[in-house]
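All remarks here apply to the structure that follows.
Note that these values count all heavy atoms, side chains included, but never hydrogens, waters or copies made by symmetry. This chain uses plain numbering: 1 for the first residue, then up along the sequence. Start at 1 and go down the list; that is how both ligands and their atoms are numbered.
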Amino acid sequence: MTTTAAAPQLPVDVRRFAFRQGPGKGHLGEQNLVDDGAPTTSALPPRWARSDSGRPLPLGTHELLAGLPYPAPGRAAATPDPLGHLLVTAFGLQRREPSHRYADHRSVASGRAKFPVHAFLAQGPSVRYLDVYRHALVDLAPPGGAPAPAAAEGASVLLAARYSDLPAAYGRMRYAVTEVELGVNLRSLCVAADLFGVPARLDLDGRSTAAAEAVVRSAGPGTWSAPLAVRLDLPDGPAASTALPGPSLDGPDRRDPLLETADESVRDAVAVSAQRHGLPQTLSVPAHGLPAAGPEAAAGSPATGPDWARVLWDRSAGRAPDQLYGFAMRPAAVGEDTLADLLAWATQPPPDRLLARVAARVRLSVAVQRVGGLAPGVHRFEAGGLTLHRRQPRIMAELQPGFAQQPSPNTDSGMRHAALVWVHSVDVDALLDEFGPAALGLLQLHLGWSVHGLCLGAAAHRLVARPARSFVEYHLQPLLGLGRKETPVFMTVCGTSRFTEPMLDLRT
Ligand SMILES: Cc1cc2nc3c(=O)[nH]c(=O)nc-3n(C[C@H](O)[C@H](O)[C@H](O)COP(=O)(O)O)c2cc1C
């Protein structure tokens, strides 16, 4: 193992930073009310990624996915554009829900559906930005000429999160949400690569991160996280650029000044994220998003079970009518095969040796009610299986006050009816002692990786899965039987939705 780059100086105490957006947020006044009307840069393409040329994405991705049974897809139908279909599968638009507070939904969950993670495709001298609303890979056209060339051979998808896409009231919490979403999008990309049979590798070392950052910076002003670079093994080079259809976006936008926003909390987030620049180069491993070992066709035989088009369409963090916040659930029994399938998704190690070592320090607990013959209460994932830690018939009702958004005239919370509440927890101090300050970011990447797996598994079994970063740590800790130093760092609430409605199909 050789170190390729020095970690940049850290002008912020990473433990205090983690505490301020974790257990300390209530005490330290870091949990602000979020005004959904406050402007953000969400869905705004970077300044030099609005050109009129690029490469249109292919049509018919969901039709191809409809031919792939869940969970093991077999061979994807041969297509002339596996890369295009892969990107649409991983990041594309799915549906518009008229009653939803945040109407448009994609393959991935995102805090308040702000989608702060952006994808770039770098192939040799060609750098393009994935614009899901234009359904195109748009040529980067910086004013000084060509964008920074990609360092790696072949094709790399670069994922970077932009802090100004989230409401400023999130403060330091923007760090955790965006880094977790990098993990979510990484998993989504790796699942899509598996579905289309494209080998993928994550280059997490500092040198690859720096090269990717140069590319992202050439997209124009913006305050970004450290990027992730995922290499895709594709036979073809970049397709030639063509004129893109539709009205030109090539020009300034009234929200451009917000791209320059960098308050103190963003500066801290940038500094902590940049710790990934100091990661050593290790031998990369194949990045598989699908679980290596899971129950065979847990949701049915390949002939009767869901297909991948349906799984992505059904992936939902839950719904509520009349633009209420939150999610409505109803009590419903869940089979043990569902639990086993979700467990396989959640515990598939992330695709990097160091990341997997960090992941191994994180405890996964699941609170259950009405799940097969399992005792209601808290179970822990230990030695490859679940063990009952605390029998508690009223566990969900007890957990509910620990969710940040409580039932109120403008909010529904169905947590008390959830079948499964997954909680990731870790001793953050011990993790930082063992792996250094970059471990905080690695932790978030693992959380996103694991949680997106839960979201897909839940969708396959017609459950909704609400990822949540905003909860009361001190409320959850004793209910889950965690030690004083062990902090809950993410929560995913799974159950059966009480509300549904006709939806507008945004797939192409
Ligand atoms: C990293 C992350 C953090 C989130 N945190 C919360 C949260 O604290 N509370 C909540 O109610 N929803 C949370 N969500 C869920 C989003 O609000 C939800 O994904 C979004 O509204 C889009 O809906 P959809 O997932 O059904 O497409 C989070 C999602 C992600 C990916």
Checklist entry - Does NZ or CZ of Arg319 lie under 6.0 Å from the centre of the six-membered ring of Phe327, at an angle within 45° of the ring axis? => result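 No, Arg319 does not sit over the ring of Phe327.
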
Next on the checklist: Could you tell me if Arg101 sits above the aromatic ring of Tyr325, with its cationic atom closer than 6.0 Å to the ring centre and no more than 45 degrees from the axis?
Outcome noted: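 Yes, cation above the ring, under 6.0 Å and within 45°.
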
Checklist entry - Quick one: does Arg315 get a heavy atom under 4.0 Å from ligand 1? => result yes

Checklist entry - What is the ring orientation for His424 with His446, classed by angle as parallel under 30°, tilted 30 to 60°, or perpendicular over 60°? => result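 It falls in the perpendicular class, over 60°.
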
Checklist entry - Side chain or backbone of Arg101 under 4.0 Å from ligand 1, or both, or neither, by non-hydrogen atoms? => result neither

Next on the checklist: Taking the side chain as everything from C-beta on, heavy atoms only, tell me whether Glu30 gets closer than 4.5 Å to Arg172.
Outcome noted: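 Yes, their side chains come closer than 4.5 Å.
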
Please check whether [X] reaches ligand 1 - meaning an N/O of the residue sits under 3.5 Å from an N/O of the ligand, judged on distance alone.
X	value
Phe490	no
Arg106	no
Val180	no
Glu181	no

Checklist entry - Just going by heavy-atom distances, which of Gly326, Gly448, Cys455, Ala109 is nearest to atom 31 (C) of ligand 1? => result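 Selected option, by shortest heavy-atom distance: Ala109.
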
Please identify which atoms of ligand 1 are closer than 4.0 Å to at least one heavy atom of [X].
X	result
Arg112	16 (C), 17 (O)
Tyr102	21 (O)
Ser316	26 (O)

Next on the checklist: Checking a contact table here: which protein heavy atom is nearest atom 14 (N) of ligand 1, and how many Å away?
Outcome noted: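 Going by distance alone, atom 14 (N) of ligand 1 is nearest to Pro467 O, 2.9 Å.
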
Checklist outcome for this item: re atom 22 (C) of ligand 1, the protein heavy-atom contact at minimum distance is Ser110 O, 3.8 Å

